[in-house]
Q: 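I have a structure I would like to understand better, so I am pasting it below and will then ask my questions one at a time.
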2 protein chains.
Amino acid sequence: MNRTDHDTPATILLIDDHPLLRRGVAQLLELEDDLELAGEAGEPEVGIRLASELDPDMILLDLNMPGMDGIATLKALREQGYAGRIVMFTVSDHEEDVVAALRNGADGYLLKDMDPDEMVRQLRQVALGRMVISESLTALLAEALRSQRNQPAAPDIHSLTQREREILCELAAGLSNKLIARKLDITEGTVKVHVKHLLKKLNLRSRVEAAVWAVQAGVDK
Amino acid sequence: MNRTDHDTPATILLIDDHPLLRRGVAQLLELEDDLELAGEAGEPEVGIRLASELDPDMILLDLNMPGMDGIATLKALREQGYAGRIVMFTVSDHEEDVVAALRNGADGYLLKDMDPDEMVRQLRQVALGRMVISESLTALLAEALRSQRNQPAAPDIHSLTQREREILCELAAGLSNKLIARKLDITEGTVKVHVKHLLKKLNLRSRVEAAVWAVQAGVDK
DNA sequence: GCATCACTATACCCTAATGGGTAGTGGTTG
DNA sequence: CAACCACTACCCATTAGGGTATAGTGATGC
């Protein structure tokens, strides 16, 4: 499986919903002998399929995509048995995103605003099996590790089920249990159960805290 | 000033902090005879300088940039006397961003995830003096215009007394009446009264709505 | 095939928190 | 003095949150 030797270039699969950015990356990689763009995908689902078909050495994965988000895609890829390098490639420098990516088996986290030459350099490092993280994120990461000690249960969207996320969204819109129930066409009691569960999972003590957290974390998607 | 005739291509200045995306756009425009990339800038300040130096027919302007943000750059360009077309080019489909851009004199609002061919088509429309907006945003825009009419009583912090604002801040932090009372050293009953009053003044129906509104309006300062 | 687990949904019970109403006190200010 | 604000008190109906229990479904594992 070691394709990072001298004569064969490292194959790369790019999963990103921005066609223009894909062009930019494609053009960048064309100039490099040792890096080869093996495939592109504009949707996570297509990317996951291509990953098993092409079995690339590494995958560049956008974090912010419509529908299935980057973390979910990352999980799906690993669950599918993909063992190559996965590098998150995104604009988000939010601590939660970085931490969530690394926790879920990402081998790198590069920001889209980085210099192309620097990016090529970083991708070579990845091909060699090293972990890469955009320089501007290292401080943030250190912070995350520090706070990890003091806060063993950091709220994380990804610990919630789909239904719980739905409830959280409505809750963050200011709706009461009764209104949420009516909107989702379930009983109020059921809504209460979901609220109870998500509060426990997020380690919060009231719907107000949950709403505030959701709004600040941008869980309105 | 009319450079949109048949023989001379429309000149474009691209202001975006993502080098890779700039490459993608550059490559895309190279293929078109009637569109010419006159210059690129990775920072808003450089872009503003280039705008006056090159006086391009249109400017593609990223909304999310470090330091000076896109709206501020847009304002600066107009204040500087730039009279060409300015098209916001961004990933953000937030209503406020779109509205703010258009209010401040943008001639278009395109999303970065659009199809390259579609993008070229749109840019040609801009060169012809038309206003372009990504299709997926039209519904959102209609919504914005509608809500503008139907909300004669927009919640306003300034109708609140100092004390009520204090209470609102604590409420927006997720605190219960009891905790707010303890923190401000007053009885829970008093807190209830203040909450009651501020809900009435803001025309909201629950503390959750108030908390969400406060967070979104940035009343934590 | 069967056991198990996670998720969703429902029901019932109970306590605490919330929102609204009325009413009163003391202080400040126009 | 009247108007407003901050504060307190009491009552009442609704809402919210937690506990326990039951049940159907779909996915996973042996």
Side-chain angles (χ1 to χ4, degrees), chain A residues 45 48 68-69 71-72 75-82 104 153 155-215 219, chain B residues 153 155-215:
Chain A
E45 295 77 11
I48 292 169
M68 197 172 187
D69 79 351
I71 299 292
K75 283 185 186 172
L77 283 167
R78 289 306 188 199
E79 277 168 16
Q80 181 184 261
Y82 176 72
N104 283 285
D156 180 16
I157 285 280
H158 303 289
S159 65
L160 301 183
T161 67
Q162 182 58 41
R163 197 55 159 174
E164 286 161 354
R165 269 193 291 274
E166 274 183 71
I167 302 280
L168 179 59
C169 285
E170 302 304 335
L171 198 151
L175 273 63
S176 67
N177 289 338
K178 190 174 292 191
L179 288 178
I180 296 174
R182 204 169 301 162
K183 188 163 182 179
L184 300 184
D185 199 32
I186 53 181
T187 64
E188 188 184 343
T190 303
V191 177
K192 283 188 177 186
V193 175
H194 288 307
V195 171
K196 190 195 321 182
H197 288 162
L198 71 85
L199 285 179
K200 177 147 292 216
K201 285 184 182 178
L202 297 176
N203 195 30
L204 300 173
R205 278 154 300 289
S206 75
R207 67 197 294 102
V208 186
E209 286 188 16
V212 170
W213 178 79
V215 170
V219 194
Chain B
D156 181 18
I157 325 217
H158 306 295
S159 63
L160 302 183
T161 67
Q162 181 57 40
R163 196 56 157 177
E164 285 161 355
R165 271 194 290 274
E166 274 183 73
I167 302 280
L168 179 59
C169 284
E170 302 305 332
L171 199 150
L175 273 61
S176 67
N177 289 337
K178 191 174 292 191
L179 287 178
I180 296 175
R182 204 170 300 163
K183 189 163 181 180
L184 300 183
D185 199 33
I186 52 181
T187 64
E188 189 184 343
T190 303
V191 177
K192 283 187 178 185
V193 174
H194 288 308
V195 171
K196 190 195 318 183
H197 288 163
L198 71 86
L199 285 180
K200 177 146 293 215
K201 286 184 182 177
L202 297 177
N203 195 30
L204 300 173
R205 277 154 301 287
S206 76
R207 65 197 295 106
V208 185
E209 286 186 16
V212 170
W213 176 78
V215 170

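By convention in this document, chain letters (A, B, ...) are assigned in the order of the sequence lines, proteins followed by strands, and residues within each chain are numbered from 1. Note that these values count all heavy atoms, side chains included, but never hydrogens, waters or copies made by symmetry.
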Q: Locate the shortest heavy-atom distance separating B:A172 from B:A214; write the atom from each residue and the value.
A: CB-CB, 3.7 Å
Q: Any side-chain heavy atom of B:K192 sitting closer than 4.5 Å to one from B:E188?
A: yes
Q: So how far off straight is the helix from C:dG1-D:dC30 to C:dG30-D:dC1, going by the axes through five pairs at either end, to 10°?
A: 40°
Q: Provide the start and end nucleotides, 5' to 3', of the part of DNA chain D that has atoms under 4.0 Å from heavy atoms of chain B.
A: D:dC5 to D:dA9
Q: Going 5' to 3' through nucleotides 8-19 of chain C, assign each nucleotide B (protein heavy atom under 4.0 Å from a base atom), S (under 4.0 Å only from sugar-phosphate atoms) or - (no protein heavy atom that close).
A: SSBS-----SBB
Q: I'd like to check B:E209 versus B:L202 (side-chain heavy atoms, cut-off strictly below 4.5 Å). Are they in contact?
A: no
Q: Is the shortest heavy-atom distance from the side chain of B:T161 to the side chain of B:H194 under 4.5 Å?
A: no
Q: In Å, rounded to the nearest 0.5 Å, how long is the span from CD1 of A:I186 to CD of A:E166?
A: 8.5 Å
Q: Could you check if a side-chain atom of B:E170 sits within less than 4.5 angstrom of a side-chain atom of B:L179, using non-hydrogen atoms only?
A: no
Q: Given side chains that start at C-beta, do those of B:I180 and B:I167 come closer than 4.5 Å, heavy atoms only?
A: yes
Q: Out of curiosity, B:L184 CG to B:T190 OG1, how far, rounded to the nearest 0.5 Å?
A: 10.5 Å
Q: Calculate, to the nearest 0.5 Å, the distance between atoms CD and NE2 belonging to A:E164 and A:H197 respectively.
A: 7.0 Å
Q: Given atom CZ of A:R165 and atom C1' of C:dC7, what is their separation to the nearest angstrom?
A: 12 Å
Q: Counting only N and O atoms by type, is there a donor-acceptor contact under 3.5 Å from the side chain of A:R207 to the main-chain atoms of A:L199?
A: no
